[in-house]
Amino acid sequence: MNINSRAIQDSVEVLSNKKVGAYNHMVFAVGDMASHAKPGNFVAISVGGPSSSLILRRAFAIYRSSNRGAYGGTIELVVAAHGTGSKWLSERSVHERVDMVGPLGTAFGIPTEPVNALLVGGGYGSAPLFGLAEVLKARGCRVDMVLGASVAGKIYAPLEGKRSVNVMTLTTEDGSAGVKGRVTDVMPQIIERNQVEIIYSCGPMAMLEAVNQVAEGANVLHQCAVEESMACGIGVCMTCVVPMRDSAGVIKMQRSCIEGPVVDGSQVVWGSERKIAQGTWGAPQ
Amino acid sequence: MNINSRAIQDSVEVLSNKKVGAYNHMVFAVGDMASHAKPGNFVAISVGGPSSSLILRRAFAIYRSSNRGAYGGTIELVVAAHGTGSKWLSERSVHERVDMVGPLGTAFGIPTEPVNALLVGGGYGSAPLFGLAEVLKARGCRVDMVLGASVAGKIYAPLEGKRSVNVMTLTTEDGSAGVKGRVTDVMPQIIERNQVEIIYSCGPMAMLEAVNQVAEGANVLHQCAVEESMACGIGVCMTCVVPMRDSAGVIKMQRSCIEGPVVDGSQVVWGSERKIAQGTWGAPQ
Amino acid sequence: MSEFQAFDFRTKFGSRYFPSPIFTASGCAGSGKELSQFFDLDELGAVVTKSISVKPRSGRPTPRMAETPSGMLNSIGLQGPGIDQFLEIDIPWLQSNGARVIVSISGETVEEYASLARKLRGINSLHGIEVNISCPNVENRGLVFACDPVASRAVIEAVRRNISGDYPIIAKLSPDVTDIVSIANEVVAAGADGLALINTVLGMVIDVDAKRPKLAGITGGLSGPAIRPIAVRAIYQVHKALPQIPILGMGGVTNGRDALEMIFAGASGVSVGTATFGNPSAVIKVKRELLEGLRSRGFNSLSEAIGVAHV
Amino acid sequence: MSEFQAFDFRTKFGSRYFPSPIFTASGCAGSGKELSQFFDLDELGAVVTKSISVKPRSGRPTPRMAETPSGMLNSIGLQGPGIDQFLEIDIPWLQSNGARVIVSISGETVEEYASLARKLRGINSLHGIEVNISCPNVENRGLVFACDPVASRAVIEAVRRNISGDYPIIAKLSPDVTDIVSIANEVVAAGADGLALINTVLGMVIDVDAKRPKLAGITGGLSGPAIRPIAVRAIYQVHKALPQIPILGMGGVTNGRDALEMIFAGASGVSVGTATFGNPSAVIKVKRELLEGLRSRGFNSLSEAIGVAHV
Ligand SMILES: Cc1cc2nc3c(=O)[nH]c(=O)nc-3n(C[C@H](O)[C@H](O)[C@H](O)COP(=O)(O)OP(=O)(O)OC[C@H]3O[C@@H](n4cnc5c(N)ncnc54)[C@H](O)[C@@H]3O)c2cc1C
Ligand SMILES: Cc1cc2nc3c(=O)[nH]c(=O)nc-3n(C[C@H](O)[C@H](O)[C@H](O)COP(=O)(O)OP(=O)(O)OC[C@H]3O[C@@H](n4cnc5c(N)ncnc54)[C@H](O)[C@@H]3O)c2cc1C
Ligand SMILES: Cc1cc2nc3c(=O)[nH]c(=O)nc-3n(C[C@H](O)[C@H](O)[C@H](O)COP(=O)(O)O)c2cc1C
Ligand SMILES: Cc1cc2nc3c(=O)[nH]c(=O)nc-3n(C[C@H](O)[C@H](O)[C@H](O)COP(=O)(O)O)c2cc1C
Ligand code: FES
Ligand code: FES
């Protein structure tokens, strides 16, 4: 088995930190760590400084990575200041260093043939989709994108990111940008109009579940990046599990940090937070 | 009883932070807190930032304080990066803010008549002595000073501080500055030569004890600023106690943060770390 | 959420009402005087005094404390002037400064607790007794009362017998037991009106340079945020078993969120201890933030919120 | 301190020697594979596997974790493939990658422990069994084995009976008891060669927005630096009572200083658990810093340092 075989732990320098809407766009000089980063991978960062009471790393999807450039390898993140740890990270100044482990987890699967792809992101969940769009575009795919959030400021859709996207559709729950509503309100039309063959999604679990329903309804493949609370990010603690059907149809609790975060949406047993899905392997009798 | 009746809690700005030998000389804009600070008082500072695992404040003697000036009231400290918390403090940059409570504790008693005073400091223990020297000098006292440390870099004796001192003597254990030896090696001569009537001291407990022996031998008054581990600094936790004889000769465990740090050396029951001195009020039978 | 809407912040232990549920924790507020520099004592639901003994106590030698990750150890050893001086000086001062007072008592024998209760019996202006039973029982090889259901029961019975029937008794339990619910059951059966949860957790730090225990007392009591999950668990377990008994929750409460956690777990009041060492006005901060937290969640009274996390 | 001077870093549990005293902690090192990306497994004194059960277990539903001040709660619920698949896949992989292996076992009845011991009996290349008795005993109202001296004893006796006499058995105790020394006495009398101290402390976090317990499993096990003072105290107490029994210390060890603390308190080895979540190579860091710390304090061997804090 190939477990995070490219992961590196390193103290990396903040090259840039800019406020973009509700988020901070941050660039780190990561050296070799960038070499093997693929769209869908994430990094895990120590937060709070030397005497921190926050003992666990925080996970962030890789927005972009680059091997070349003035600073050698770089990794870019889109950080929402959610709680104490992510707030701390978003407050780091240029030249400060943070301890980073990455790249971690599974990546989005890339079709071998050109296909029509739909990328769906919620909030900062758009981050890994732009790198994915580039790769898909380079393979000759048609790439549509739907980004949703509660309000306009929580949509992350930078200009340079749109280069590889054919049509970008925005939705907000309050109508402050794009279509008023949710991503799933606009998806069916796009799927039909563009003969979408694969959906990639990233965002809150509830959104992924709704996207999966649309995908199943339309009989389209669906790869999604799930987000469970992670204590270690490297597969050793078993906190981040998601119930998934394996090829034999058996439901097993799979680690989203290592067997994920990118998984096949049809294999996830959705809506099983706070309970063990019936028929799970080894479920209590 | 007059318990820290002037103490204020405030978020104060770092105005300057300079490395001086083994220490950092730091200036803080403290507003009103400076108004009531007297030589011997200390401040207590929160360390480690918002998600710190260090839950207790750190105590620092006030090196100098001033009410006027471009920044309003200021308090100056001499900080030794001893462990995690003081290291954090010593790394603060100009414009950062720290949470400070002060002024706290007792101050050095100032004689009403001009007297010959000897001020004895160990390491950063010299800090509060310079402000004291100024006050004594202004009262017409003769002020001699002896500062000792293990090595030259650990003596804090800035030029501007020496203005109020008649003769300054340095001692180091390795001879790298001044007389090779300890403060107590040079004290007897100075006491005799200058007819010293009162000794003020600040430094490690072992040094204070040795100074007290010299003072008792020479039959000279001795006020010393003791240093016990403090959890609260404001008199509510009872961790910082030192056994002291009261006026009736009864030994009681007195809080060094509030009945001290400045105490009468002859009242301290020296050498009673890790044991309850015989005859202490309420000692276990 | 209207700023102006009345919010019923009162709480009740035994027969006594308190205008707000945030108290100091025993041993963490000095004599009260020290804190009165930073805020008015009548802003507190109550001041819980340091545990007072029959006779004066020197307490333990120094070092008496060690900071630990998000916590601290203390081994004060119940330093205090003894009940007589305490009643003569400390209590009158507190009451004349507007504080509602709960007196914490500690003893080395059941009879000492009884005698402390007799001394307090006459003072009707007190708001209650907190019985600290985390003390070594000299009649039983120094085994801490709170670790033994029989001894715990005996202490509370003795206190109840020696004090009027409507005098609120809050029994303060130790978390260092296999089954805290069984101890709670015993002390309630013996006449406790409420329970204080939790006292410190027994811990130790080694000074790796001196190669010996850091504290002169060898072991000490662990307090602060580090133990909050243990406190919340104890409150939840005991409230589940005894939902009608008011609980004074404590252990690592530093802000309003922490107090909410305890209230939702089943506490009727919350004591703030170690947080005061890091922030002299922590008690006031907790009170203000708890009120905001309850209002913003749509509660109109404290009592509605007690125990809502139970499913 | 000469870099070149030989330092005897070996330690011993029962009949087995280990080249160094720093082990992983059960449940905190995955299958071993995940960490082997960051260092070679033979750098460890031993890998202690996650606790394995007779049958496959799904573990508990999510959320399974909550971060707490300087700690975390987990309620994994012993997710695992069951002993058969474990012996077929995990153990051979570990051994072929140079790891010394201590297998942790867990059961719901005494008979399950016995049957796990029988499965392991034949595998002489193992370095020992760690018996995790912090599991609910289905035959006794779910009361955790480790909280009951009689049940603890029964489990260790059953394991000893079903395995060869020189097979090292390390009994892993829970700190959630009134008197850990009495439990230690029982399991040693029943045939344990060593003791692992401590398992997690029972704790709980309330989600104040959802107004319910954060963890799906309601309570969870508290680990990390927050509990280190509790672990050091347990090690000190047990080493004092049973100085000849080797202790595997754990609970919040993050660096060499922390490991020194446990060694000085009386541990013969130290497991690193939660620290690995924050730092994948924490185990190696602890090992390196412990060696430096012992050398710089003038020790020539680990064994000289064990228990030196006892006065
Ligand atoms: C694979 C993955 C990719 C992610 N990518 C991004 C990203 O690109 N940008 C971004 O802003 N955020 C991202 N997140 C979410 C981010 O990890 C959380 O917002 C962050 O951990 C919150 O930490 P905190 O200290 O600010 O909040 P707190 O709520 O104080 O955190 C407490 C604990 O809960 C965990 N936690 C809280 N919220 C989440 C969450 N949503 N997901 C996982 N763990 C959580 C924390 O890691 C921590 O251990 C990602 C999460 C995962 C699992
Ligand atoms: C009245 C008083 C005045 C002081 N004045 C100065 C000063 O002017 N300059 C200066 O550099 N230092 C001064 N100190 C010492 C300073 O408080 C400690 O160096 C500092 O608290 C160490 O914290 P740390 O986190 O760096 O070390 P750690 O060793 O990690 O601290 C752990 C705990 O022990 C306590 N502690 C450790 N060493 C001491 C000590 N020597 N005295 C009291 N508590 C201690 C800390 O407060 C903390 O709670 C003074 C102490 C007192 C009591
Ligand atoms: C320095 C100190 C002294 C204490 N003294 C007492 C005491 O005299 N009586 C008592 O019942 N509890 C005492 N406690 C325990 C506290 O009242 C409280 O139960 C415990 O510290 C947990 O709360 P906290 O984490 O908010 O401090 C003391 C705690 C500390 C830290
Ligand atoms: C996520 C997690 C899973 C654990 N699983 C087990 C287990 O399967 N068996 C066991 O005996 N202990 C288990 N433990 C307890 C640890 O082995 C260890 O005793 C405890 O966490 C204290 O050490 P630490 O603070 O270094 O983590 C687990 C701890 C954690 C945090
Ligand atoms: S986060 Fe630890 S196994 Fe996934
Ligand atoms: S430091 Fe708390 S009483 Fe002195």
Side-chain angles (χ1 to χ4, degrees), chain A residues 1-9 44-48 51-58 83-85 99 101 104 205 226 228-243 250-258 269 272-285, chain D residues 24 27-38 50 53 55-82 89 93 108 210 212-218 220 223-226 252 254 273-281:
Chain A
M1 211 203 312
N2 181 19
I3 294 189
N4 284 329
S5 62
R6 311 291 198 171
I8 292 171
Q9 176 178 9
I45 301 178
S46 299
V47 291
S51 54
S52 180
S53 65
L54 310 172
I55 60 163
L56 304 174
R57 282 171 191 265
R58 303 317 196 232
T84 332
D99 189 303
V101 177
L104 294 169
M205 289 298 265
V226 298
E228 258 298 337
S229 282
M230 293 180 178
C232 76
I234 56 164
V236 299
C237 76
M238 311 298 288
T239 59
C240 63
V241 295
V242 171
V250 182
I251 302 173
K252 287 188 178 159
M253 301 298 252
Q254 305 276 23
R255 291 163 297 179
S256 65
C257 67
I258 204 163
V269 184
S272 46
E273 227 221 10
R274 300 189 87 84
K275 55 179 181 283
I276 294 290
Q278 264 218 317
T280 303
W281 195 54
Q285 258 94 51
Chain D
T24 61
C28 301
S31 65
K33 283 199 193 73
E34 299 84 357
L35 290 183
S36 67
Q37 162 60 15
F38 297 95
K50 61 188 166 188
S53 328
K55 298 220 188 88
R57 287 177 67 107
S58 67
R60 294 254 178 72
T62 56
R64 286 181 171 184
M65 79 108 178
E67 199 183 39
T68 69
S70 298
M72 66 173 282
L73 289 181
N74 87 79
S75 75
I76 309 301
L78 300 171
Q79 174 172 348
I89 300 175
W93 186 91
E108 297 189 331
R212 66 177 173 204
K214 174 85 189 286
L215 301 179
I218 301 182
S223 64
T254 304
T274 303
T276 295
F277 306 165
N279 177 6
S281 48

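Per chain, numbering begins at 1; letters A, B, ... match sequence-line order.
- A salt bridge does not link A/Arg57 with D/Glu67: none of the charged nitrogens is closer than 4.0 Å to a carboxylate oxygen.
- Taking the side chain as every heavy atom from C-beta outward, D/Pro61 and A/Glu273 never approach each other to under 4.5 Å.
- Among A/Lys252, A/Arg255, A/Met253, the single residue meeting the side-chain contact (heavy atoms from CB on, under 4.5 Å) criterion with D/Gln79 is A/Met253.
- A heavy-atom distance below 4.5 Å is not found between the side chains of D/Met65 and A/Cys237.
- Using a 4.5 Å heavy-atom threshold, the side chains of A/Arg274 and D/Thr62 count as separate.
- In this structure, chain D has a heavy atom under 4.5 Å from the side chain of A/Ser46, while its backbone stays farther away.
- Looking at D/Phe38 and A/Val101, their side chains come closer than 4.5 Å, going by heavy atoms from C-beta outward.
- Rounding to the nearest 0.5 Å places CG of A/Leu104 at 9.5 Å from CD of D/Gln37.
- For D/Pro225, the part lying near chain A is the side chain, with the backbone staying farther off; criterion is any non-hydrogen pair under 4.5 Å.
- In this structure the side chain of A/Met238 never reaches within 4.5 angstrom of the side chain of D/Asn74, judged on heavy atoms.
- Using a 4.5 Å cut-off between heavy atoms, D/Thr68 contacts chain A through its backbone alone, with no side-chain atom that close.
- Between D/Ser58 and A/Ala283, the shortest heavy-atom distance links the atoms OG-CA, 3.4 Å.
- Atom CZ of D/Phe277 is separated from atom CD1 of A/Ile234 by 8.5 Å, given to the nearest 0.5 angstrom.
- In this structure, A/Val236 and D/Thr24 have side chains that are not in contact, with every pair of non-hydrogen atoms separated by 4.5 Å or more.
- For the set D/Leu35, D/Thr276, D/Ile76, the count of heavy-atom pairs under 4.5 angstrom toward chain A peaks at D/Ile76.
- Between A/Ser229 and D/Pro63, the closest side-chain pair of non-hydrogen atoms is not below 4.5 Å.
- Highest contact tally toward chain A, considering only D/Pro280, D/Gly27, D/Gly224, D/Gly77, is held by D/Pro280 [criterion: heavy-atom pairs under 4.5 Å].
- With a 4.5 Å cut-off on non-hydrogen atoms, A/Ile251 does not touch chain D at all.
- Considering only heavy-atom pairs separated by less than 4.5 Å from chain D, the leading option among A/Ile258, A/Thr239, A/Asp99 is A/Thr239.
- Ranked by non-hydrogen atom pairs under 4.5 Å with chain A, the options D/Pro81, D/Ser75, D/Gly80 are led by D/Pro81.
- No side-chain heavy atom of A/Ile276 sits less than 4.5 Å from a side-chain heavy atom of D/Arg60.
- Residue with the most contacts toward chain D among A/Thr280, A/Ile8, A/Leu56: A/Leu56 (heavy-atom pairs, distance under 4.5 Å).
- Chain A forms the most heavy-atom pairs under 4.5 Å with one residue out of D/Gly71, D/Gly59, D/Pro69, and that residue is D/Gly71.
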